[in-house]
Visitor: 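Below is the structure I would like to discuss, written out as structure tokens.
Owing to the predicted nature of the structure, the values given are computational and were not obtained by experimental measurement. The chain is numbered in sequence order, starting from 1.
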Amino acid sequence: MSDLIKPQDTAHPMVRSEAVHKSYGLVEVLKGIDLEVKQGEVFCLVGPSGSGKSTFLRCINHLEKVNGGRLYVDGELVGYREKGDRLYELKDREVALKRRDIGMVFQRFNLFPHMTALENVVEAPVQVKKESKSDARERGMQLLERVGLAEKAKSYPAQLSGGQQQRVAIARALAMKPKLMLFDEPTSALDPELVGEVLDVMRGLAEEGMTMIVVTHEMGFAREVGDALVFMDGGVVVESGHPREVLTNPQHERTRAFLSKVL
């Protein structure tokens, strides 16, 4: 196992969702999501656009606030403090402290255009965790090497391909030493020939024991690398199981209809 990823206690799930609801006005996007993600597991979320996958992912690090139910990361309630039978929302500073342990990689790379690849990677450890610049740069170079981009350390985002930018974004997320990585369709904005290089990095993280929740349309990745797969539609979990079982022998008609269009 790489020393970039710390071994984790497996006494409880990394993520537990209990009857999570989320609405935007009158539109109910999540209608009671119950699921568990084990520590060290690669957990894939699949389903049609608008099914609630990305919204659920954003609820895990409190980028979106749930309207009902409870979400736990590593045994701790996300975004709230429980007192008796009531929930009290945490202050922004407390939420930010918790969020440091959760890495997130978006569809769009969101790199700082005026910073080099290395500067993008070391910015948060220095500014947020107050690491020394020398330590952060040393680890940043290790991470860029880890994602195959050591030679691009001094390049700016505009000088990198989409796949390279996304690999820098992964290195940037790893620089905070997260216990959990969230991937929101990390290859959907890439040209087809660049998808493989990003998935290869994610495979490597899986082999090293990183807990990952991946919203994806890459069914081959889900089948090969995933430990668990959930098919969502209309804000509910329609079907779940081992990826190979769900993908080869779906039990629900809605799952079969979806897979017939994407496989």
Visitor: Under a 3.5 Å distance rule, please check whether Ser161 uses its side chain to pair with a backbone N or O of Gln164 as donor and acceptor.
Guide: yes
Visitor: Return the OG to CD1 distance between Ser17 and Ile33, rounded to the nearest 0.5 Å.
Guide: 6.5 Å
Visitor: Val214 versus Met202: any side-chain heavy-atom pair under 4.5 Å?
Guide: yes
Visitor: Over all heavy atoms of both residues, which pair between Pro250 and Thr255 is shortest? Give the atoms and the distance, please.
Guide: CB-CG2, 3.8 Å
Visitor: Just do the side-chain contact (heavy atoms from CB on, under 4.5 Å) check on Ser23 and Val29 with the steps written out, would you?
Guide: CA-CA 5 Å; Ser23 299; Val29 180; over 6 Å; no
Visitor: Please determine whether residues Leu194 and Phe221 belong to a single hydrophobic cluster, defined as Ile, Leu, Val, Met, Phe, Trp and Tyr linked transitively by side-chain heavy-atom distances below 4.5 Å.
Guide: yes
Visitor: Under the ring-ring contact (aromatic ring centres under 6.0 Å, His included) test, which residues partner Phe231, sequence neighbours left out?
Guide: Phe258
Visitor: Provide the closest heavy-atom pair for Pro113 versus Pro157 in the form atom of the first, atom of the second, distance.
Guide: O-CD, 3.8 Å
Visitor: Any heavy-atom pair between the side chains of Phe109 and Leu190 that's under 4.5 Å?
Guide: yes
Visitor: Do Leu205 and Met141 share a hydrophobic cluster (ILVMFWY, side-chain heavy atoms under 4.5 Å, transitive)?
Guide: yes
Visitor: Show the numbers, then the answer: is there a side-chain contact (heavy atoms from CB on, under 4.5 Å) between Val168 and Leu144?
Guide: CA-CA 7 Å; Val168 172; Leu144 287 176; 4.3 Å; yes
Visitor: Only counting residues at least two apart or in another chain, list the ones meeting salt bridge (charged side-chain N to carboxylate O under 4.0 Å, His left out) with Lys152.
Guide: none
Visitor: Could you check whether atom NZ of Lys133 has more than 12 heavy atoms from other residues, nucleotides or ligands sitting under 6.0 Å from it?
Guide: no
Visitor: Got a salt bridge between Glu131 and Arg139, using NZ or NE/NH1/NH2 to carboxylate O under 4.0 Å?
Guide: no
Visitor: Who passes salt bridge (charged side-chain N to carboxylate O under 4.0 Å, His left out) against Glu76, sequence neighbours left out?
Guide: Lys98
Visitor: Output all residues satisfying ring-ring contact (aromatic ring centres under 6.0 Å, His included) with Tyr72, sequence neighbours left out; order by chain, then residue number.
Guide: none
Visitor: Tell me, do Val46 and Leu229 make a side-chain contact under 4.5 Å, heavy atoms counted?
Guide: yes
Visitor: Between Phe43 and Val230, is any pair of side-chain heavy atoms under 4.5 Å apart?
Guide: yes
Visitor: How many angstroms lie between atom CE of Met212 and atom SG of Cys44, to the nearest 0.5 angstrom?
Guide: 8.0 Å
Visitor: Is a side-chain donor or acceptor of Asn120 paired with a backbone partner of Met115 at a separation under 3.5 angstrom?
Guide: yes
Visitor: Where the side chain of Lys130 meets the backbone of Gln127, is there a donor-acceptor pair that is under 3.5 Å apart?
Guide: yes
Visitor: Who passes side-chain hydrogen bond (donor to acceptor under 3.5 Å, both in side chains) against Glu145, sequence neighbours left out?
Guide: none
Visitor: How far apart are the closest heavy atoms of Met176 and Lys129, and which atoms are they?
Guide: O-NZ, 2.7 Å
Visitor: For the CG atom of Leu57 and the CG atom of Leu63, what is their distance to the nearest 0.5 Å?
Guide: 9.0 Å
Visitor: What are the two closest non-hydrogen atoms of Arg99 and Asn61, and how far apart are they?
Guide: NE-O, 2.8 Å
Visitor: Test side-chain contact (heavy atoms from CB on, under 4.5 Å) on Arg16 and Asp74 and set out the steps.
Guide: CA-CA 8 Å; Arg16 186 167 87 250; Asp74 203 15; over 6 Å; no
Visitor: Taking only residues two or more places apart in sequence or in another chain, which ones pass side-chain hydrogen bond (donor to acceptor under 3.5 Å, both in side chains) with Asp34?
Guide: none
Visitor: What are the two closest heavy atoms between Val246 and Ser240, and how far apart are they?
Guide: CG2-C, 3.9 Å
Visitor: Might you point out which heavy atoms bring Ala222 and Pro243 nearest each other, and give the distance in Å?
Guide: O-CB, 3.2 Å
Visitor: Looking only at atom types and distance, does a side-chain atom of Thr216 sit under 3.5 Å from a main-chain N or O of Glu218, one as donor and one as acceptor?
Guide: yes
Visitor: Tell me every residue that passes side-chain hydrogen bond (donor to acceptor under 3.5 Å, both in side chains) with Glu94, counting only those two or more places apart in sequence or in another chain.
Guide: Arg81
Visitor: Please report the interatomic distance OG(Ser54) to CZ(Phe106), rounded to the nearest 0.5 Å.
Guide: 10.5 Å
Visitor: Check whether any side-chain N or O of Asp227 sits under 3.5 Å from a backbone N or O of Glu41 as a donor-acceptor pair, and report yes or no.
Guide: no
Visitor: Report yes if the distance between the aromatic ring centroids of Tyr156 and His114 is under 6.0 Å, otherwise no.
Guide: no
Visitor: Passes side-chain contact (heavy atoms from CB on, under 4.5 Å), Val128 versus Glu123? Steps please.
Guide: CA-CA 8 Å; Val128 179; Glu123 177 73 3; over 6 Å; no
Visitor: For residues 43-61, pull every pair meeting salt bridge (Lys or Arg N to Asp or Glu O under 4.0 Å), keeping only residues two or more places apart or in separate chains.
Guide: Arg58-Glu64
Visitor: Is there a path from Leu143 to Leu160 through hydrophobic residues (I, L, V, M, F, W, Y) whose side chains come within less than 4.5 Å of each other?
Guide: yes
Visitor: Should we say atom CZ of Arg203 is surrounded by more than 12 heavy atoms from elsewhere, each under 6.0 Å from it?
Guide: yes
Visitor: Does Tyr88 offer a backbone N or O that forms a donor-acceptor pair with the side chain of Lys83 under 3.5 Å?
Guide: no
Visitor: Can you name the side-chain hydrogen bond (donor to acceptor under 3.5 Å, both in side chains) partners of Gln166, sequence neighbours left out?
Guide: none
Visitor: Going by the salt bridge (Lys or Arg N to Asp or Glu O under 4.0 Å) test, which pairs reach into residues 158-168, not counting sequence neighbours?
Guide: Arg167-Glu197
Visitor: Does any pair with a residue in residues 239-261 pass salt bridge (Lys or Arg N to Asp or Glu O under 4.0 Å), and if so which ones, sequence neighbours excluded?
Guide: Asp233-Arg254, Glu253-Arg256
Visitor: Quick check for you: to the nearest 0.5 Å, what is the distance between Ile170 atom CD1 and Met210 atom CE?
Guide: 11.0 Å
Visitor: As an exercise, state the distance from CD1 of Ile102 to CE of Met14, rounded to the nearest 0.5 Å.
Guide: 9.0 Å
Visitor: Measure the shortest side-chain to side-chain distance between Met104 and Asp184 over non-hydrogen atoms and say whether it is less than 4.5 angstrom.
Guide: yes
Visitor: What residues, two or more places apart in sequence or in another chain, satisfy side-chain contact (heavy atoms from CB on, under 4.5 Å) together with Arg108?
Guide: Asn110, Ala189
Visitor: Is there side-chain contact between Met219 and Leu247, with at least one heavy-atom pair below 4.5 Å?
Guide: yes
Visitor: Tell me whether Leu30 is reachable from Leu87 by hopping between hydrophobic residues (I, L, V, M, F, W, Y) whose side-chain heavy atoms are closer than 4.5 Å.
Guide: yes
Visitor: If we count only N and O atoms by modelled type, under 3.5 Å, do the side chains of His12 and Glu36 hold a donor and an acceptor together?
Guide: no
Visitor: Decide yes or no for Ile60 and Leu180: does some side-chain heavy atom of the first lie under 4.5 Å from some side-chain heavy atom of the second?
Guide: yes
Visitor: Report yes or no: do Leu77 and Val66 belong to one cluster of Ile/Leu/Val/Met/Phe/Trp/Tyr joined by side chain heavy-atom distances under 4.5 Å?
Guide: yes
Visitor: Within a 6.0 Å radius of atom CG on Asp92, are there more than 12 heavy atoms belonging to other residues, nucleotides or ligands?
Guide: no
Visitor: In the structure I gave you, are the side-chain heavy atoms of Thr211 and Lys179 within less than 4.5 Å of one another anywhere?
Guide: no
